[in-house]
Every structure is written in structure tokens, then in C-alpha cells.
Engineer: 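Here you go, one structure.
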Amino acid sequence: MSISLDEVRHVANLARLQLSETELLSFQGQLNSLLGHFEDIQNLDVSGVAPKPHAVAMQNVFARDIAHQPLPREEALRNSADTKAGLFIVPTIIEE
Amino acid sequence: MINQLTAAEIAAKLRAKEVSAREVTQSFLDRIAKEDSHYNAFLTVNSDQAIVQADQAQSKIDSGDHHPLCGIPIALKDNLSTRNIKTTCASRILENYIPPFTATSVQKLDDIGAISIGKTNLDEFAMGTTNENSAFGPVHNPWDTERAPGGSSGGSAVAVSAELAPLSLGSDTGGSIRFPAALCGVVGFKPTYGRVSRYGLVAFASSLDQIGPFAKNVEDAALLANAISGHDPLDSTSLKDSQINISDLKAGSLRGLRLGIPEELFGPEIDPQVREVFELACDNLAREGAEIKRLSLPSINYGVTTYYIIAPAEASSNLARFDGVRFGPRIEKEGHIESFSATRGELFGPEVKLRIMVGTYALSSGYYDAYYHRAQQVRGLMTAEFERAYQDLDFIISPTSPIVAPKLGGITDQMALKALDLCTIPANMGGFPSISIPCGLAYDLPVGFQLTGPVMSDEKILQASYAIEQAFGRDYRRPPIL
């Protein structure tokens, strides 16, 4: 299976990565090389094997619902590039 | 010289009042200031705060009631969140990020009076095999400064190897503690997944990441593993009763210890001289009474593929939070998607972008079943294979790395670099505890001996490692440059 430049562009958009044409070409090559190596598991018989999403499986982990002092607002905002009136400023999503 | 001592030896001197906590901390700060220009192991040195902590530690020591690591300087991989201390993940996207909270593992060390001496260099977001992917330059191996220390916790490995700190913490997702430990000639230990809280560790691949110690010897590694482990309600994958008990550490013996070498980790991928050093080490252990047998674990052959699907898939999701809104700089463009994409495209490094792309592709509609789902099935197969082997064996052993430290820039084939994780990946897949112990030199460079055991066998693996380390001796441990 090989991945086209348009597919690379599509994946970059899904991943929210703006890439230059040079980067797109470079990633196309690297992705195709990796996907080539990934072929090895395509022929492996895994029928009936349950997928293992966790290293050590746990079930029903609950946290006690206790109110606690949250992070002070100014500390939560401290690392943001743009804040106003105690809020994060996000890029405009809905036009007026 | 204080820098040559183990943490346990320094602790004894602190207890005997032969030296003060401030003197110990100052001596390591001085060494970092003088020597780290050769290595680039530290991204931030906590000079002022470390001295304050040292004086507080001294009060605890004077009161007589203190933990063995009280007053001991410890270097922290810069993906561990430290309140009010910059935490960069060696990425430009977090270049000026100052966390408002501290990782549980680090908090535990603060609470017992250990000194956070500085934050160490790493591959950006812990993604790399040689520590050449840092946005702030590569780390240099003290055994040969033209060589790589291994990644991704290269700075933490070098901090201990070059005696810039007696102990350090790293994180291990596919070998990122054990691999650099092997290449730098120190002990590196990845505990069972869930025994050390991941709270405050900047997430790379959440189902694989685990924090663990680097040390000069097994005793020190065990001390640090004991101090950072234990159940944490802030990490939902944290195991109950998970503190690592080291009271019987020195009771281990090699007689009757059942060790297995998988032939899949003993093939042509392993450098012949590395193999020779490993075989001599095995002969040594057999003479001391260990039973060593060969076995086959065929799913190991699929480990690298499985890892390079699962880890990037989880990473692509974890790294979605870096969009320029809550952390880091923002590149403003027309439209929000364009702003996010420009910020991420500009500030992530090439390897991080590649892995995000791989992960996004593997999770995308139409490819999920062929890649991500199937990789998780192979992960299940591999874990079951190891668990079956543990019915007749105590530990699986192998060289930690197929090669000795490579030259910086020496391996340009991306897949060849990724394949170096061959020996270390299975432990992360199964959540198994795994340790690398120096076992000799090939080409005058360190070779690591890896043991991997069943889930929750951390105490046993540390005990066996203590006995194994005694059998190996430690004449070859210091880099000649020191």
C-alpha cells in the first residue's frame, strides 16, 4: 500500500499540521517507508486474539467526588499566549 | 570526591555529619557549571532553589528522622512537570512553559527532602532513540563525546554517567530509560506499569509510559524506585499497593535463578561484539548457579511495527492539546484551524510531526482496523507469549541494545534507528518491569544486560539484579574522561 501526496495533505489537515511542500514530500517518503515495514503484521494470524489497549488492565476506577480548591484562575491562564478578563482568547470560530 | 560516590554512600556521610546537604548540593552544582558544556545534559539548573532545598533537608537530617534520599540531589527529565520551574519537553512549543503543578513522583521526592537539582535534556516529547531530536541540541555521551547517549532520556543517563548528579529520573515508553542507561554504562529501571504515578508526566503514549530511575548501581536504583512508587488517586492507571518494597534487596541469590534468552533477541541484529560481551556475562551467571536456557518468542519480531503504530496513535491524540491556546506561543492566521495548524507546523520538530502523522493515519477512517486494531491484537499476542514463558522462567534476558553508542549523526536511516528499540519494546507492551545493568565493554563502550519479568515482579527483579551486579563486578563503570 502506498500513500499519495493528496492523502499526506489530508492526514496533515486532520492532524492540524501546516506543512510546506518540501515537508509534505519528505513525509510522503517516510510514511511510505514506515507503511512498507508495517506490512509484516498484515500477514500475521491474529484471528480470535483480543486487542490489548492497556499495559495492565483495570476496571471501574472511580475517584471520590469531593470538592477541592481548584487551581487559581491566574495560574491556569499564566502560560497562555492571549488572555482577557480572566479567560483564554481563542481564535475566531464564528463570524459575526 | 563526592561526585564519585553512590547515593547510599552520600547518605551515610550525611547521616554521620561528615558532610552537609549544602556542601553535597553545591559540589554537584559546581560540577554541572564546569562540565556540562561538554554534554548538554541539562536544560535548566535549579541553582538557587536547590540550595534552599538543601538547607531544609539539613534540618530534617539534624532532627534524625529522615529518608535515605534526604539531601541527595536528583536530576529530572524535562518532561516531568515541576511547579514554577520551566518544563520544556525539549520542544519549542513548550519553550517557556512553567507548570502550575508538580508531578507526583517529583512531589514525593520533594516531600522526603531530596534535591531537584535540574531538568535534563531529552528527545522532543521523549520521541527518539539517540537524543538527537531535542530542539535544544543533542546530548553527548561521556564515554565518547562524539557519540550519542541514547534516547530518549539521554540527559538523565548522562547526568549520572558523567557524575553531574548521583541519581536521576527518566521516562520509558519503548526503552527510553533502559536504552540510554545501556549506552552510558549506568543502571536504568522501568518499573511495572502503574507502580509509579504518571500524574504530571507530559503524556507521550499513555498506555506505555512509565517513570523510573537511573543510578550508578542497583542499590541506588532501588532506593529511588521505592521513593517514587505507590498508589496515586491522581492517576487512574495507578495500581493499588504499588509501593516497591526493597527491604529484602540484598537477600537475592543466583542459585536456581531461571533465565531465558529469546533467540529473536540474539540474531544478526545484535552486533557480534555486543553478543560476545553478553555471552560472557551469561557464562559468569551460570557459574554462579543461574540456569540459563534458550527459547523462542516469535512475536518479538513484530514488536517494532506494533510499537510504531500504537505509540504514535496515542501520541497524535495526546499532543492535540498543543494548539497555541492554553500553552506556548501562538501563530495567528485567518481562521482557527489555520492558526492551530500554523502554530503546530512551525513549533513541533520533524520527528514529532512524523509521529503525529503516522498516528493520525493509523487512526483514520478506513485504516483503523488494518493498523491500530491489528497492532493491539499483536500486543495481546506478545504479552500472552511472555506470560506463558514466565511459567517456567523468572526473567527473560537479552542485551539491552543491539549496538553500542553510535556516532552523533551516524545513523541516518529512520527505520534503522527505530529498529534499535527491538529488545526494549516488549516490556512496555506487557507493562513488565525491566532493568538494564552494565555488563562490560565492547569497542571500549558500555554494553547493557537487560532482565524483564512478569507484572509486579519489581522486588524480585531488583533482588536478582543486585546479585547479578555483584557477579559482574564494577571495574569498568567509569567513563575514562572522568
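Just so it is clear, the values below take in all heavy atoms, side chains as well, and ignore hydrogens, waters and symmetry mates.
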Engineer: Can you tell me which portion of B:S299 sits under 4.5 Å from chain A's heavy atoms? Options are side chain, backbone, both or neither.
Structural biologist: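 Nothing of B:S299, per the 4.5 Å heavy-atom cut-off to chain A.
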Engineer: Using 4.0 Å as the upper bound for N to carboxylate O, is an ion pair formed by B:R355 and B:E124?
Structural biologist: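 No.
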Engineer: Relative to chain A, which segment of B:E334 carries a heavy atom at a distance below 4.5 Å: side chain, backbone, both, or neither?
Structural biologist: neither
Engineer: Of the backbone (N, CA, C, O) and the side chain (C-beta and beyond), which part of B:D323 lies under 4.5 Å from a heavy atom of chain A, both, or neither?
Structural biologist: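 Neither the backbone nor the side chain of B:D323 comes within 4.5 Å of chain A.
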Engineer: Tell me, for B:L208 versus chain A, whether the close heavy atoms (under 4.5 Å) come from the side chain, the backbone, both or neither.
Structural biologist: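 When you check distances to chain A, no heavy atom of B:L208 falls under 4.5 Å.
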Engineer: Within a 6.0 Å radius of atom NE2 on A:H54, are there more than 12 heavy atoms belonging to other residues, nucleotides or ligands?
Structural biologist: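 No, NE2 of A:H54 has 12 or fewer neighbouring heavy atoms, counting only those of other groups under 6.0 Å.
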Engineer: Verify side-chain hydrogen bond (donor to acceptor under 3.5 Å, both in side chains) between B:H231 and B:S242, making sure each step is shown before the conclusion.
Structural biologist: CA-CA 6 Å; B:H231 178 67; B:S242 51; 5.2 Å; no
Engineer: Under 4.5 Å from any heavy atom of chain A, what part of B:S339 do you find: side chain, backbone, both or neither?
Structural biologist: side chain
Engineer: Given a strict heavy-atom distance threshold of 4.5 Å, which part of B:V455 is in contact with chain A: side chain, backbone, both, or neither?
Structural biologist: side chain
Engineer: Who wins among B:F432, B:F327, B:Y302 for the most heavy-atom pairs under 4.5 Å with chain A?
Structural biologist: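 Highest number of pairs under 4.5 Å: B:Y302.
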Engineer: For the pair A:R9 and A:E21, evaluate salt bridge (charged side-chain N to carboxylate O under 4.0 Å, His left out) and give the outcome as yes or no after the intermediate values.
Structural biologist: CA-CA 9 Å; A:R9 213 173 263 125; A:E21 285 303 309; 3.2 Å; yes
Engineer: Under a 4.0 Å threshold between the charged nitrogen and the carboxylate oxygen, would B:K418 count as salt-bridged to B:E351?
Structural biologist: yes
Engineer: Name the residue from B:T104, B:T102, B:I98, B:V202 that meets the side chain to side chain contact (heavy atoms under 4.5 Å, CB included) definition with B:S81.
Structural biologist: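 Only match with B:S81 under side chain to side chain contact (heavy atoms under 4.5 Å, CB included): B:V202.
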Engineer: Quick check on A:H37 against chain B: is it the side chain, the backbone, both or neither that has a heavy atom closer than 4.5 Å?
Structural biologist: both
Engineer: For A:A12, which atoms come within 4.5 Å of any heavy atom of chain B: side chain, backbone, both, or neither?
Structural biologist: both
Engineer: Give me the ring orientation class for B:Y199 and B:F101: parallel if the planes are under 30° apart, tilted from 30 to 60°, perpendicular past 60°.
Structural biologist: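 Geometry flag for B:F101 against B:Y199: tilted rings.
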Engineer: Where on A:L14 is there a heavy atom nearer than 4.5 Å to chain B: the side chain, the backbone, both, or neither?
Structural biologist: both
Engineer: If I measure from the heavy atoms of chain B, does A:V61 come under 4.5 Å with its side chain, its backbone, both, or neither?
Structural biologist: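 Contact with chain B: side chain only.
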Engineer: Using non-hydrogen atoms and a 4.5 Å limit, figure out which bit of A:F88 sits close to chain B: side chain, backbone, both or neither.
Structural biologist: side chain
Engineer: Under 4.5 Å from any heavy atom of chain B, what part of A:I41 do you find: side chain, backbone, both or neither?
Structural biologist: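 Both the backbone and the side chain of A:I41 come within 4.5 Å of chain B.
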Engineer: Would the A:F38 and B:Y367 ring centres measure less than 6.0 Å apart?
Structural biologist: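 They do not qualify: ring centres at least 6.0 Å apart.
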Engineer: Side chain, backbone, both or neither: which part of B:R195 has an atom under 4.5 Å from a heavy atom of chain A?
Structural biologist: neither
